[in-house]
Amino acid sequence: MPELPEVETIVRGLDSELRGKKVKSLVFLSTHLKKKRAYSTLDPAAYRGLKIERIRRRGKLIIMSFQWQKGLIIHLKMTGQLLLTGSEQPVDKHTHAVMRFFGIKKELRFRDIRKFGLISCLPMNKIEEKILSSLGPEPLEIELTEFYRRLKAHSKKRVKSWLLDQKIIAGIGNIYSDEILFQAGINPERPAGSLSLEESQKLFVAMKSVLRKAIKFKGSSISDYVDSSGQSGKYQKLHQVYGRENQLCKRCQQEKIKRKKIGGRSSFYCPSCQT
DNA sequence: AGCCCATCCTGTCCGC
DNA sequence: TGCGGACAGGATGGGC
């Protein structure tokens, strides 16, 4: 479900509500999460009594750090949600984990219809290690020279797949890659290394501006994305290409938006504006 | 190196 | 109205 802007929105809400709170309990309700605990070295019960130091984002990962260098990594994958809910609200069948706190009525619930999401219980040093080894730089922090270097380092890869590769750059998913390429006027099937310096710069600027604006609008709610308070995002209203198959291009008003599978993902683009 | 495909799941939507 | 198939914001691993 969520890409960088959605995860950023969730994390900002959670950090402001939960930083400094002390955990009363962490419980996994579903066996699939416990099995995926293969990635974990700590027991959920070990978090009782620990104060939350910070909740932050890295790529699409949510990282919660606690006292005594303990941490959690949460990946929402396609349909995961983190919801701050009154404890009196009924728990539905898609809720797979619950964290309760001392001193507040609300609890944190992990919902996930398709069960792709995961929660790993790890010491912070293992988390740092994992992040360093598996994720590329942040799109909102990377500089142009490094961006350009990375385009050339994977020059045969199609630029759409390049944007989606978390090891190259972390946090962009299927919606925002299409929106970024549209804004940059670049065809998604161009090999990454074929972009001129000027085109690379256009892509770089488009990436930053699309993501910043999407964060400002609290992400895109396409099917079931909501933030931790249950609010929908508003950026879907500003989408220029994603989901607009056969509709007139908003830029040239001539061509119809095309839909094509690229790297197994539905991709939307204007064949005339994106070259 | 990089492509394609299947896989992990559940829900929805579309055509017949 | 029912049924089957395709599809969905992600990531991984195998085969070519």
Side-chain angles (χ1 to χ4, degrees), chain A residues 1-11 29-39 57-62 73-82 92-97 110-120 130-131 133-136 139 150-181 188-194 210-211 214-215 217-227 232-239 241-246 259-268:
Chain A
M1 165 200 347
E3 306 179 30
L4 186 152
E6 291 77 32
V7 177
E8 180 66 26
T9 304
I10 290 168
V11 154
L29 305 171
S30 316
T31 49
H32 83 274
L33 267 189
K34 293 174 192 162
K35 282 175 194 156
K36 286 188 184 169
R37 235 163 51 75
Y39 302 104
R57 177 192 64 74
R58 180 71 172 83
K60 299 174 193 171
L61 295 177
I62 295 162
I73 301 183
I74 301 165
H75 198 312
L76 301 172
K77 296 286 179 87
M78 300 279 260
T79 55
Q81 300 173 325
L82 281 173
D92 77 343
K93 64 171 175 174
H94 299 303
T95 300
H96 307 303
F110 174 71
R111 274 189 94 235
D112 184 13
I113 292 174
R114 290 175 72 180
K115 300 183 185 171
F116 291 170
L118 58 92
I119 303 179
S120 308
K130 183 189 161 70
I131 288 168
S133 66
S134 69
L135 290 183
R150 285 176 178 257
L151 282 170
K152 298 300 168 191
H154 307 271
S155 62
K156 300 279 175 64
K157 214 177 169 85
R158 291 173 298 187
V159 64
K160 158 99 179 183
S161 304
W162 186 91
L163 284 169
L164 289 175
D165 190 328
Q166 304 299 302
K167 287 193 279 304
I168 296 174
I169 196 156
I172 297 167
N174 203 34
I175 294 178
Y176 294 105
S177 58
D178 281 4
E179 293 297 322
I180 290 165
L181 288 164
E189 299 196 273
R190 288 274 301 280
S194 76
V210 165
L211 294 175
I215 291 171
F217 283 78
K218 300 184 185 299
S220 306
S221 290
I222 286 299
S223 67
D224 53 4
Y225 164 71
V226 287
D227 71 11
S232 297
K234 299 281 174 284
Y235 191 74
Q236 70 280 4
K237 295 177 183 171
L238 303 188
H239 287 177
V241 271
Y242 184 82
R244 299 193 69 251
E245 184 185 12
N246 287 329
R259 176 191 187 135
K260 186 176 182 186
K261 287 262 183 216
I262 300 172
R265 316 297 302 278
S266 281
S267 305
F268 301 88

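These numbers were taken from a predicted model, which means no experiment stands behind them. Order of the sequence lines fixes the chain letters, A, B, ..., with proteins taken first and strands second; residue numbering starts at 1 for each chain.
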- request: May I ask you to say whether A/Arg111 pairs ionically with A/Asp92, meaning some side-chain N is under 4.0 Å from a carboxylate O?
  value: yes
Secondary-structure notation, DNA chain B, from Watson-Crick and G-U pairs under 3.5 angstrom (| other strand): .|||||||.|||||||
Nearest to side-chain heavy atoms of A/Gln166, which nucleotide of C/dA8, B/dG2, C/dA11: C/dA11
- request: Counting heavy atoms from C-beta on, name the nucleotide in C/dA8, B/dG2, B/dC3 closest to the side chain of A/Ser161.
  value: B/dC3
- prompt: Can you check whether A/Arg158 has a side-chain N or O nearer than 4.0 Å to OP1 or OP2 of B/dA1?
  reply: no
Candidates C/dA11, B/dC9, B/dG2 - which lies nearest the side chain of A/Lys77: C/dA11
task: For residues A/Arg150 and A/Ile169, determine if any side-chain heavy atom of one lies less than 4.5 Å from a side-chain heavy atom of the other.
output: no
query: Taking atom P in both C/dC7 and B/dC4, what distance in whole Å separates the two?
result: 15 Å
query: Looking across every strand, which nucleic acid part, if any, lies under 4.0 Å from A/Lys93 by heavy atom: base, sugar-phosphate, or nothing?
result: sugar-phosphate
message: Quick check for you: among C/dA11, C/dA8, B/dG2, whose closest atom lies nearest to any side-chain atom of A/Arg259?
response: C/dA8
field: Closest heavy-atom pair and its distance - A/Phe116, A/Met78
entry: CD1-CG, 3.8 Å
Closest to side chain of A/Met78, choosing from C/dA8, B/dG2, B/dC9: C/dA8
query: A/His75 side chain: which of C/dA8, C/dA11, B/dG11 is closest?
result: C/dA11
task: Supply the atom-to-atom distance A/Ile131 CD1 to A/Arg58 CZ, rounded to the nearest 0.5 angstrom.
output: 6.5 Å
query: To the nearest angstrom, how far is A/Glu3 atom CD from C/dA8 atom C1'?
result: 12 Å
task: Write down the distance between CG (A/Leu33) and C1' (B/dC8), rounded to a whole number of angstrom.
output: 13 Å
- prompt: When the P atoms of C/dG5 and B/dA6 are considered, how many whole Å apart are they?
  reply: 15 Å
message: Among A/Lys160, A/Lys260, A/Lys261, exactly one meets salt bridge (charged side-chain N to carboxylate O under 4.0 Å, His left out) together with A/Glu189. Which residue is that?
response: A/Lys260
- line: note: A/Asp165, atom CG; B/dA1, atom P; distance rounded to Å ~ 12 Å
- prompt: C/dA8 phosphate, OP1 or OP2: any side-chain N/O from A/Arg114 under 4.0 angstrom?
  reply: no
field: Separation between the P atoms of C/dA6 and B/dC5, rounded to whole Å
entry: 13 Å
ring centroid sep under 5.5 Å plus plane angle under 30, A/Phe116 with B/dC9: no
message: Please tell me if A/His32 has a side-chain N or O lying less than 4.0 Å from either OP1 or OP2 of B/dC8.
response: no
- prompt: Are A/Lys157 and B/dA1 close enough that a side-chain N or O sits under 4.0 Å from OP1 or OP2?
  reply: no
- prompt: Could you state the CD1-P distance from A/Ile168 to C/dA11, rounded to the nearest angstrom?
  reply: 13 Å
task: Could you state the atom-to-atom distance from CD1 of A/Ile73 to C1' of C/dA11 in whole Å?
output: 14 Å
task: Look at the side chain of A/Gln166 and the backbone N and O of A/Ile172, then say whether any donor-acceptor pair between them is shorter than 3.5 Å.
output: yes
query: Which part of the nucleic acid, if any, lies within contact of A/Ile113, taking any heavy atom under 4.0 Å across all strands shown: a base, the sugar-phosphate backbone alone, or nothing?
result: sugar-phosphate
field: Sugar-phosphate, base or nothing in reach of A/Gly117, heavy atoms under 4.0 Å
entry: nothing
- prompt: Reckon A/Tyr176 touches a base, only the sugar-phosphate, or nothing at all at heavy-atom distances under 4.0 Å?
  reply: nothing
- request: Select base, sugar-phosphate, or nothing to describe what A/Gly173 touches, counting heavy atoms under 4.0 Å on all strands.
  value: sugar-phosphate
- prompt: If you look at every heavy atom in A/Ser232 and A/Lys234, which pair is closest and at what distance?
  reply: O-NZ, 3.5 Å
task: On the 0 to 90° scale, with breaks at 30° and 60°, tag the A/Tyr235-A/Tyr176 ring pair as parallel, tilted or perpendicular.
output: tilted
task: When you get a sec, tell me which of B/dC3, B/dC9, B/dT10 is the closest nucleotide to the side chain of A/His94?
output: B/dT10
- prompt: Are A/Asp227 and A/Lys218 ion-paired here, with the side-chain N under 4.0 Å from a carboxylate O?
  reply: no
- request: Send over the distance from A/Leu164 CG to C/dT12 P, rounded to a whole Å.
  value: 13 Å
- prompt: Which whole-number value in Å describes the distance from A/Leu151 CG to B/dA1 C1'?
  reply: 16 Å
Interatomic distance, A/Ile262 CD1 vs C/dA8 P [rounded to whole Å]: 13 Å
Sugar-phosphate only, base, or nothing, as touched by A/Ser177 at under 4.0 Å among non-hydrogen atoms: nothing
- request: Respond yes when some side-chain nitrogen or oxygen of A/Lys167 is under 4.0 Å from OP1 or OP2 of C/dA11, and no when none is.
  value: no
